[in-house]
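Starting from 1, each residue takes its place in the sequence as its number. Atoms within each ligand, like the ligands themselves, are counted from 1 in listed order.
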Amino acid sequence: MSTHPDIGAGRIPAEAIEAGFGDLHPALDRNEARVASERCLFCYDAPCIQACPTGIDIPLFIRQIMTENPQGAAKTILDANIFGGMCARVCPTETLCEEACVRMAEGKPVEIGRLQRYATDALFSAGRQLYRQGAATGARVAVVGAGPAGLSCAHKLATLGHAVDVFEAREKGGGLNEHGIAAYKTTGGFAQKEVAYILEVGGITVHHGKRLGRDITLASLAAEYDAVFLGLGLQAVNALGVDEGGLANIEDAVAFIERLRQTDDLSTLPIGRKVVVVGGGMTAIDAAVQAKKLGAEEVTLVYRRGADAMPASRYEQEVALTNGVVIRHFARPYAVQGEGGALASVLFMRTALEGGKLVDTGETFALPADQLFKAIGQLFLPTDVADESAVLEMDGVKIKVDVECRTSLPKVWAGGDCTRGRDLTVVAVEDGKQAALSIDRALAARLAVAAE
Ligand SMILES: Cc1cc2nc3c(=O)[nH]c(=O)nc-3n(C[C@H](O)[C@H](O)[C@H](O)COP(=O)(O)OP(=O)(O)OC[C@H]3O[C@@H](n4cnc5c(N)ncnc54)[C@H](O)[C@@H]3O)c2cc1C
Ligand code: SF4
C-alpha cells in the first residue's frame, strides 16, 4: 500500500517481531491459579457478577478452580458466555468485574480475567465439547454476521433446537475477534479455534461471502425464516475532517489492524519510521502499540481531550506507554503536508476545555510523520439494511432495539455494535444470547397459538 521510501518491512528481525507479539498476559500455571483463586472472598451478592455484562457466576467458577476442577469452572463460564475464552483475553476487566471486586479496596483485585483464561484454556486443551444441538423444534432462524453477537445468538439458538443459517460477508468467521482485536491479545489462532468450537455444536450452517444488502435482502430473510437476527457490527469509520490531498500512507487504523491480523509473516508488513495515530480509544491504542512492535521508531498518539476522557482505559494507556508510544493530549489535526506525493507531517491545533466545552487555543505544532492512522470512531452504515418493504427504525445512527434486542420489525432482532451500548466483545455476546432467548420465547408462543 505504500510508496514512501521510509515505509519499510524487515527493519527488525522476524524473531524479534514474533517475540514482541507474544501473549499480553501469559496464562497462569496451576500453582499461580490456585494462589489467585484463594484471594477470592466468595462474596454473597458478589458485585463482580453484577459488573459482568454476561453475568458469569464468578465466585462459583473461582471456587471450582480452587477445588482443582478447571473444566467445571469453564462450564460455568461458557454457560453464561460462549466466547468466555476470548473475553478472558480481551475484556477490559479493569473497568468491569475487577473494578467491582471488593478486594480492589486493597488496590489489588482478584485476577478474574486470568482465572477465566486458566479455566477456558484447560477445557480447550482437553478438547472437550460441552454442548450439543437441542431436540429439533422445526423452526429456522437467519443470523446475519458471524461476529461475537451473531455466533453467540446462533449457538444459543442451536442448543435450543432451532436450525440456524448464518450469512457472513467475509470468508472467515469471528468478526472483529478475527479481524480487529490486537494480535498480542489473541495469539496462536485462538479466534478460529473458538469459532470452530462454537460451530461444533451442530445445527448451524455458515454461508460465507453472503452480504446483506448485496446478495440477500432483509425482506427476503424475514419472508423465508421464522426469525432474523442482525449482528452486523460497524462498517465505516469517521472522517478526519482534513483535506488528505490524496497523499500515500494515510489509512484507517482498523484497515491496518485487519491487514496485520491476516498477515502470516509480520516481518513483511510495511510500517513507517515516524507514525502518528489520531484517536483515544482501543483502536488507536492497538494501532499505536502494534506499529511500535513492528519496528516504527517513533509512534505518537494524539487525542483531542485529556487522559481521563480517553475511551481507552487507564490500563490500555499504560500498555501504550510501556511499549514506548508517546501520548499527546489536547490537540486535533487540522492539515497534512506531503513531499513527493507521500505524507511528510501532520499539523495540529492545540485544544483546551473552556466551561466544559472543547475549544481551539490558536496554538499549533507539526509532527513529522511518514504514516498516519485514523482511529476516531467507527460508524454503522444503514445502507446494508435499507429495504423498502422492511424498514427498520433507527436510534440515532444505530438500529433501534428494546431490552430483549427486538427491532421495530416483528420478526427481526439485532444486537452487538450495530445497536446501542458499549462497543465491547462481551456486550455483543450478551446481546446475541438475550436475543436468542427472546426469539425462542417468541417462537414457542407462535407454536402454542398454531396448536390451539
Ligand atoms: C481495532 C479494534 C479493537 C478492539 N479491541 C477490543 C478489545 O480489546 N476488547 C473488547 O472487548 N472489544 C474490543 N473491540 C470491540 C469489539 O471487537 C466489538 O465490540 C465486537 O467485535 C462487536 O461484535 P459484533 O458481533 O457486534 O460485530 P463484529 O465483530 O464487527 O462482527 C460483525 C460481523 O458481521 C459481518 N457483516 C457486516 N456487515 C454484513 C452484511 N451486510 N452482511 C453479512 N455480514 C456482514 C462482518 O463481516 C463481521 O463478521 C475492538 C474493536 C476494534 C475495531
Ligand atoms: S467481588 Fe472479588 S472477592 Fe468478591 S466474589 Fe467477586 S472476585 Fe471474589
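Contacts between Asp286 and ligand 1 below 4.0 angstrom, taking non-hydrogen atoms only, involve the side chain exclusively. Residue contacts with ligand 1 for Leu212 involve both N, CA, C or O and side-chain atoms from C-beta outward (heavy atoms, distance under 4.0 Å). Counting heavy atoms closer than 4.0 Å to ligand 2, residue Ile112 contributes side-chain atoms (C-beta onward) but none from N, CA, C or O. Residue contacts with ligand 1 for Val427 are absent, since no atom lies close enough (heavy atoms, distance under 4.0 Å). The part of Gln378 lying near ligand 1 is the side chain, judged by heavy-atom distances below 4.0 Å.
Between Arg140 and His162, the closest side-chain pair of non-hydrogen atoms is not below 4.5 Å. At a threshold of 4.5 Å between non-hydrogen side-chain atoms, the residues Ile82 and Tyr131 count as touching. Between Arg39 and Ile62, every side-chain heavy-atom pair lies at or beyond the 4.5 Å cut-off. Between His179 and Arg261, every side-chain heavy-atom pair lies at or beyond the 4.5 Å cut-off. Contact annotation: the side chain of Phe330 never approaches that of Tyr303 to less than 4.5 Å [non-hydrogen atoms, C-beta and beyond]. Counting heavy atoms from C-beta outward, Leu269 and Phe256 have side chains that approach closer than 4.5 Å. Side-chain contact check for Glu99 versus Glu94: every heavy-atom pair is 4.5 Å or farther apart.
Looking at Val90 next to ligand 1, an N or O pair under 3.5 Å apart turns up. Looking at Asp384 next to ligand 1, an N or O pair under 3.5 Å apart turns up. Between Leu424 and ligand 1, an N or O atom pair is found at a separation short of 3.5 Å. Looking at ligand 1, you won't find any N or O of Val144 less than 3.5 Å from one of its N or O atoms.
In this structure, of Gly147, Gly174, Pro53, the residue bringing a heavy atom nearest to atom 31 (O) of ligand 1 is Gly147. Distances from atom 24 (P) of ligand 1 to the heavy atoms of Cys87, Gly175, Pro148 show the closest one on Pro148. Closest to atom 49 (O) of ligand 1 by heavy atom, among Glu168, His179, Arg170, is Glu168. Atom 1 (C) of ligand 1 has its nearest heavy-atom neighbour, among Gly180, Pro92, Ser152, in Gly180. The nearest non-hydrogen atom to atom 32 (C) of ligand 1, considering only Gly415, Gly231, Ala287, Gly432, comes from Gly231.
The contact set between ligand 1 and Asp423, taken as ligand atoms under 4.0 Å from a residue heavy atom, comprises 15 (C), 19 (O). Interface atoms of ligand 1 facing Ala149, defined by a heavy-atom separation under 4.0 Å, are 25 (O), 26 (O). Listed by atom number, the atoms of ligand 1 under 4.0 Å from Gly416 heavy atoms are 26 (O). Shown in contact with Val102 at under 4.0 Å from a heavy atom are these atoms of ligand 2, numbered in order with element: 1 (S), 2 (Fe), 3 (S), 4 (Fe). Near Ala428, meaning under 4.0 Å from any of its heavy atoms, are these atoms of ligand 1: 22 (C), 23 (O), 26 (O). In summary, the atoms of ligand 2 found under 4.0 Å from a heavy atom of Cys48, numbered by their order in the structure, are 1 (S), 5 (S), 6 (Fe), 7 (S). For ligand 1, the atoms closer than 4.0 angstrom to any heavy atom of Gln235 are 37 (C), 38 (N).
Annotation: atom 44 (N) of ligand 1 to nearest protein heavy atom, Ala169 N, 3.1 Å. The protein heavy-atom contact nearest to atom 6 (C) of ligand 1 is Met282 SD, 3.1 Å. Atom 3 (S) of ligand 2 has Leu41 N, 3.3 Å as its closest protein atom, hydrogens excluded (heavy atom only). Atom 52 (C) of ligand 1 has as its closest protein heavy atom Thr283 OG1, 3.6 Å. The protein non-hydrogen atom at the shortest distance from atom 17 (O) of ligand 1 is Leu176 CB, 3.4 Å. Protein heavy atom at the shortest distance from atom 8 (Fe) of ligand 2 is Cys40 SG, 2.4 Å. Among all non-hydrogen protein atoms, the one lying nearest atom 2 (Fe) of ligand 2 is Cys101 SG, 2.4 Å. Of the protein's non-hydrogen atoms, the one nearest atom 39 (C) of ligand 1 is Leu232 CD2, 3.4 Å. Closest to atom 10 (C) of ligand 1, if we only count protein heavy atoms, is Thr425 OG1, 3.4 Å. Residue, atom and distance of the protein heavy atom nearest to atom 14 (N) of ligand 1 are Ile181 CD1, 4.2 Å. Among protein heavy atoms, atom 5 (S) of ligand 2 sits closest to Cys43 N, 3.4 Å. The protein non-hydrogen atom at the shortest distance from atom 20 (C) of ligand 1 is Asp417 OD2, 3.9 Å.
Other residues, nucleotides and ligands place no more than 12 heavy atoms under 6.0 Å from the NZ atom of Lys400.
Put simply, part of Lys210 is less than 4.0 Å from ligand 1, judged by heavy atoms. For Gly213, the closest heavy-atom approach to ligand 1 does not fall below 4.0 Å. Within the 4.0 Å heavy-atom cutoff, Glu316 does not count among the residues contacting ligand 1.
One side chain, Thr76 or Gln64, offers a donor N or O that lies under 3.5 Å from an acceptor on the other. Between the side chains of Asp29 and Tyr118, no donor-acceptor pair is found at a separation under 3.5 Å.
The residue from Glu258, Arg170, Gln262 that alone fulfils the side chain to side chain contact (heavy atoms under 4.5 Å, CB included) condition with Glu178 is Gln262.
Salt bridge annotation for Glu98-Arg114: absent, with no cationic side-chain nitrogen under 4.0 angstrom from a carboxylate oxygen. Using a cutoff of 4.0 Å between basic side-chain nitrogens and carboxylate oxygens, Glu106 and Lys108 are not scored as salt-bridged.
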